[in-house]
Amino acid sequence: CSTTPELPSQPYLKSERSHLYALQQWSLEGRLALSAKQDSWSANMAWQHQVDNEQIKLSGPLGQGAVLIRLSKDQVVIDRGGKNVQTSAEPEQFIEQQLGMAVPIHSLRYWVVGLPEPGMAFFETAEGFKQGQWLIAYKEMQSVGKQIMPRKMTVMNGQLRLKVMVDEWSLNDIKAN
Amino acid sequence: GTGGDVKPVVQLKAFLLASKSLTADFKQVAINEAGHPTQTSFGVFYLQRPGKFRWNYQKPFKQEIVSNAGKVWFYDTDLEQVTVKKVDESLGSTPALLLSGDVALEDNYTMEEQGDDGDMQWVKLTPKSQDSSFKYVLIGFNNKTIAGMELSDNFGQLTRIYFSNVLLNPPIKPTLFEFVAPKGVDVFGD
């Protein structure tokens with residue numbers, strides 16, 4: 001189920017979130033802003049997660065310039081519609097080459113749900129945690145059914161800053177609703 | 001309808017010539033590949049030919065898109081970020097740009113009549129360039145003034161725009177097209 005957030009922003013509490021690792025299926029509609037020395041842009045973002053596949057659609061405010069990123073553990077497809085489809089078996093490198101900057105997309109799949117990436121050290125901070133050389137901060141959270149999910153977050157390292165606003169969550173997993 | 005006999009393409013050109021400036025409210029509905037509406041947003045649109053427009057989203061979130069002097073400022077209030085891009089680079093040939101009158105229609109689009117549906121006449125513009133940022137845009141007229149648009153992205157997702165309270169040639173303060181970034185907001189771009 002999905003609800004539009006009117007609730008005050010609850011604080012980010014890592015301890016009560018680990019059950020969300022079991023969440024198999026979710027989707028979000030929101031916006032992404034990216035800024036780095038080389039470039040900066042923002043886009044509407046629709047992200048669908050199923051087991052360990054991600055489908056991320058980025059587009060302009062009127063739907064123009066839509067790009068579909070389909071990511072699994074060891075493959076990424078960047079589809080700009082029609083014949084303009086590129087595939088790579090090196091997702092992280094390929095995305096860096098396409099975007100001109102290193103976006104930690106495998107980790108983002110966990111961070112956007114409010115979780116550190118499993119199997120990697122992290123240090124808790126007031127607003128989130130630090131993992132690798134990335135600082136993840138949850139500025140606002142929102143209630144979605146019985147869960148508390150991120151609404152506004154930033155992801156930063158020395159070179160790149162991502163800001164994500166989640167306007168709508170759909171947690172399609174029965175357990176998590 | 002009364003405008004029925006005037007061919008939609010002629011109407012489009014007449015409209016673009018007749019409207020030096022324009023203001024309108026809009027409702028925007030995104031419709032996914034399966035035909036279901038996903039997101040609906042509302043806002044206001046201002047146009048001053050040549051080359052100036054302001055496209056403000058007011059609900060469910062606030063964004064401002066301002067085009068002036070060959071640049072486009074995009075500001076998202078929640079994300080507290082402003083990006084400035086050259087017109088062709090940032091939005092590609094988007095509907096808002098089409099209406100601002102900078103784009104020579106015949107050179108960049110094939111235009112087809114779509115006939116009437118009720119009292120609306122539609123024109124379909126298909127980009128001639130292969131790597132356009134969208135598949136086509138439909139512009140709809142209702143007795144000689146713009147009433148709607150529909151953009152199909154490269155995956156078949158539609159963005160439908162319904163205009164209301166359309167005022168033709170109203171006086172618009174030039175400062176409306178001069179974007180000023182609020183304090184404390186990051187501004188990026190050329």
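A note on names: the letters A, B, ... follow the listed sequences, proteins ahead of strands, and every chain is numbered from 1.
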Between B:Q81, B:K135, B:Q28, the one whose heavy-atom pairs under 4.5 Å with chain A are most numerous: B:Q81
Which residue out of B:D78, B:T83, B:T38 racks up the most heavy-atom pairs below 4.5 Å with chain A? B:D78
Under 4.5 Å, heavy atom to heavy atom: which of residues 41-55 of chain A reach chain B? Give them by number, or say none. A:W41, A:S42, A:N44
Taking a cut-off of under 4.5 angstrom between non-hydrogen atoms, the residues of residues 77-84 of chain A near chain B are A:D79, A:R80, A:G81, A:G82
Does A:Y110 share a hydrophobic cluster with A:I69, counting links as ILVMFWY side-chain heavy atoms below 4.5 Å and allowing steps through other members? yes
Counting only non-hydrogen atoms closer than 4.5 Å, does A:L68 touch chain B with its backbone (N, CA, C, O), its side chain (CB onward), both, or neither? both
Could you look at A:L34 and say if it's the side chain, the backbone, both or neither that has a heavy atom under 4.5 Å from chain B? backbone
Could you report the tightest heavy-atom contact between [X] and [Y], atom names first, then the distance?
X      : Y      : answer
A:I148 : A:R17  : O-NH1, 2.6 Å
B:A147 : B:N142 : CB-CB, 3.7 Å
A:D167 : B:F61  : OD2-CE2, 3.4 Å
B:S152 : B:F134 : O-CB, 3.4 Å
B:S132 : B:N154 : O-ND2, 3.4 Å
B:S21  : B:Q48  : CB-OE1, 3.5 Å

Using ring-ring contact (aromatic ring centres under 6.0 Å, His included), reason through B:Y57 and B:F26 one step at a time and then give a plain yes or no. CA-CA 9 Å; B:Y57 288 99; B:F26 67 82; 5.4 Å; yes
Within the 3.5 Å criterion, strictly below it, is a donor on B:Q11 or B:Q121 matched to an acceptor on the partner's side chain? yes
Pairing donors with acceptors under 3.5 angstrom, does anything connect the side chains of A:T154 and A:R161?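 Per modelled atom types, A:T154 and A:R161 side chains form no pair under 3.5 Å.
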Would you sort out whether A:Q131 and A:W111 count as a side-chain hydrogen bond (donor to acceptor under 3.5 Å, both in side chains), showing the intermediate values? CA-CA 10 Å; A:Q131 191 161 44; A:W111 297 344; 3.0 Å; yes
Carboxylate-amine/guanidinium proximity below 4.0 Å for B:E80 and A:K152: yes
Within residues 166-185 of chain B, contacts to chain A at heavy-atom distances under 4.5 Å involve none
Might you work through the side-chain hydrogen bond (donor to acceptor under 3.5 Å, both in side chains) test for B:N32 and B:Q157, ending with a clear yes or no? CA-CA 5 Å; B:N32 65 18; B:Q157 173 159 335; over 6 Å; no
For B:D76, is it the side chain, the backbone, both or neither that has a heavy atom under 4.5 Å from a heavy atom of chain A?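 The side chain, not the backbone.
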Are B:K13 and B:V9 packed together at the side-chain level, in the sense that at least one heavy-atom pair is separated by less than 4.5 angstrom?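 Side-chain contact under 4.5 Å: yes.
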Salt bridge (Lys or Arg N to Asp or Glu O under 4.0 Å): pairs with one or both residues in residues 21-47 of chain B, sequence neighbours excluded: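 For residues 21-47 of chain B: A:K57-B:E33.
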